[in-house]
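Both counts, for ligands and for their atoms, begin at 1 and track the order of listing. No experiment lies behind these values; they were computed from the predicted model shown. The first residue of the sequence shown is numbered 1, and numbering continues consecutively from there.
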Amino acid sequence: MLSIAPMLELTDRHFRYLARLLTKETLLYTEMITTGAILHNKPEKFLEYNKEEHPIALQLAGSSPQDLAKCAKIGEDFGYDEINLNCGCPSERVQSGMFGACLMNKPALVAECINEMQNAVKIPVSVKTRIGIDNNDSFEFFLNFVETIAETGCKYFIIHARKAWLKGLSPKENRTIPPLNYETVFKLKGIHPNWNVVINGGVKNLDEARELLKKVNGVMIGRAAYETPLILAGEKPPTPADIIEKYLPYAETQFKKGVPPNIITRHLMGLFHGMPGAKKYRSLLSKPDFSTLHSIIGRQQLCT
Ligand SMILES: Cc1cc2nc3c(=O)[nH]c(=O)nc-3n(C[C@H](O)[C@H](O)[C@H](O)COP(=O)(O)O)c2cc1C
């Protein structure tokens with residue numbers, strides 16, 4: 001199974017709508033949404049999505065079992081297909097709220113959170129984690145973390161196959177500097193062949209994903225899916241014009257609802273990655289209106 005990673009400020013509902021035009025079955029994750037955001041605001045502000053996005057998973061960030069259970073239930077009532085708990089984000093802001101990767105030091109608390117979440121909903125609950133944090137990077141540390149959670153019955157783990165440094169590296173550096181270590185994930189799958197193990201980190205295209213799927217249950221793609229979305233369409237990808245033509249009615253509806261144009265069109269930039277004239281299209285998309293989108297479709301048709 002293939003999925004697109006939760007990515008703050010990238011995988012919003014507009015990107016997910018675009019992704020769904022390129023791939024039908026891939027599971028799409030929301031951006032990380034904190035329990036506080038859901039419980040202290042109108043939940044629809046953060047949870048609304050387009051019905052076309054299914055299957056879609058809601059990623060929650062938090063560490064209060066009760067709040068997470070409430071938010072999981074709200075997510076289920078909104079129709080999400082899965083609830084995921086973020087135990088992988090290393091940002092300082094997240095650490096001060098005691099959620100994300102720092103939770104790897106608190107396996108019993110995470111197990112309690114997952115237990116309460118599972119009791120609150122019928123849909124699957126999953127955990128997204130790293131393989132270690134700071135100097136807690138032994139296989140035993142990682143295994144103890146996931147096995148403690150698995151005692152609740154949750155055997156569904158999405159594993160970003162690198163550790164995170166909680167201090168000293170920015171979130172961006174934490175996605176490149178600690179080396180990828182797929183072997184740790186394969187080893188876990190070897191020990192627990194019946195678990196649902198999804199590997200994440202550094203996957204560039206569907207060919208790489210297919211290779212990994214021989215060893216694990218699922219592959220999650222993050223940056224490559226956003227930066228080069230046409231890879232999602234497989235061997236005979238559509239042209240950017242084909243996709244923009246399908247996206248245009250959606251964009252128009254969203255504009256009419258008052259969504260600023262650039263919020264919607266910014267996600268289209270990746271369609272032109274590596275193509276002649278990509279820079280020009282990107283600059284057109286940075287000051288978008290409908291005629292821009294129509295003219296891109298026109299130009300692209302001329303080119304094909
Ligand atoms: C801009 C950006 C934002 C991200 N936000 C989240 C997030 O909200 N929750 C999360 O679990 N991971 C987040 N991640 C990490 C990705 O989900 C993924 O684990 C990471 O990018 C490694 O996968 P990749 O090499 O395929 O990109 C983010 C990554 C990026 C690039």
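- Counting atoms of ligand 1 from 1 in the listed order, those under 4.0 Å from a heavy atom of Arg223 are 21 (O), 22 (C), 24 (P), 25 (O), 26 (O), 27 (O), 31 (C).
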For the pair Asp77 and Lys73, evaluate salt bridge (charged side-chain N to carboxylate O under 4.0 Å, His left out) and give the outcome as yes or no after the intermediate values. CA-CA 6 Å; Asp77 291 344; Lys73 177 76 177 98; 2.8 Å; yes

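- Salt bridge Arg16/Glu53: present, at least one basic N to carboxylate O contact under 4.0 Å.
- Side-chain atoms of His14 and Asn50 include no donor-acceptor pair closer than 3.5 Å.
- The ligand atoms of ligand 1 that sit less than 4.0 angstrom from a heavy atom of Leu10 are 1 (C).
- For the pair Thr23 (side chain) and Arg20 (backbone), a donor-acceptor distance under 3.5 Å is absent.
- Against a heavy-atom cut-off of under 4.0 Å, Gly222 is close to the following atoms of ligand 1: 24 (P), 26 (O), 27 (O).
- Look at Arg130 and Asp137 and you find no salt bridge, because none of the NZ, NE, NH1 or NH2 atoms lies under 4.0 Å from a carboxylate O.
- Within the listing of ligand 1, atoms 2 (C), 3 (C), 4 (C), 5 (N), 6 (C), 28 (C), 29 (C), 30 (C) sit less than 4.0 angstrom from a heavy atom of Met7.
- Checking only distances, Arg175 never comes within under 3.5 Å of ligand 1, N or O to N or O.
- Residue Asn86 approaches ligand 1 through these ligand atoms, each under 4.0 Å from one of its heavy atoms: 9 (N), 10 (C), 11 (O).
- Annotation: cation-pi geometry satisfied between Lys187 and Phe139 (NZ/CZ under 6.0 angstrom from ring centroid, within 45° of ring axis).
- Considering backbone and side-chain atoms together, Leu8 places an N or O closer than 3.5 Å to an N or O of ligand 1.
- Residue Lys172 does not touch ligand 1, judged by heavy-atom distances below 4.0 Å.
- A cation-pi arrangement is found for Lys163 relative to Trp165, the charged atom lying closer than 6.0 Å to the ring centre and inside a 45° cone about the ring normal.
- Using cut-offs of 30° and 60° on the angle between ring planes, the pair Phe15 and Tyr226 is tilted.
- Near Lys128, the atoms of ligand 1 lying under 4.0 angstrom from a non-hydrogen atom of the residue are 10 (C), 11 (O), 12 (N), 15 (C), 16 (C), 17 (O), 18 (C), 19 (O).
- Those atoms of ligand 1 with a heavy atom of Met32 less than 4.0 angstrom away are 7 (C), 8 (O), 9 (N).
- Backbone and side-chain nitrogen or oxygen atoms of Ile221 are examined, and none is located within less than 3.5 angstrom of a nitrogen or oxygen of ligand 1.
- Counting the atoms of ligand 1 from 1 in the order shown, those under 4.0 Å from a heavy atom of Gly202 are 24 (P), 25 (O), 26 (O).
- To the nearest 0.5 Å, the span separating OG on Ser126 from CD on Glu82 amounts to 3.5 Å.
- Between Ala224 and ligand 1 there is no heavy-atom distance shorter than 4.0 Å.
- When hydrogens are left out, the protein atom nearest atom 7 (C) of ligand 1 is Pro6 O, 3.5 Å; that is the closest non-hydrogen contact.
- The closest protein non-hydrogen atom to atom 19 (O) of ligand 1 is Asn200 OD1, 2.6 Å.
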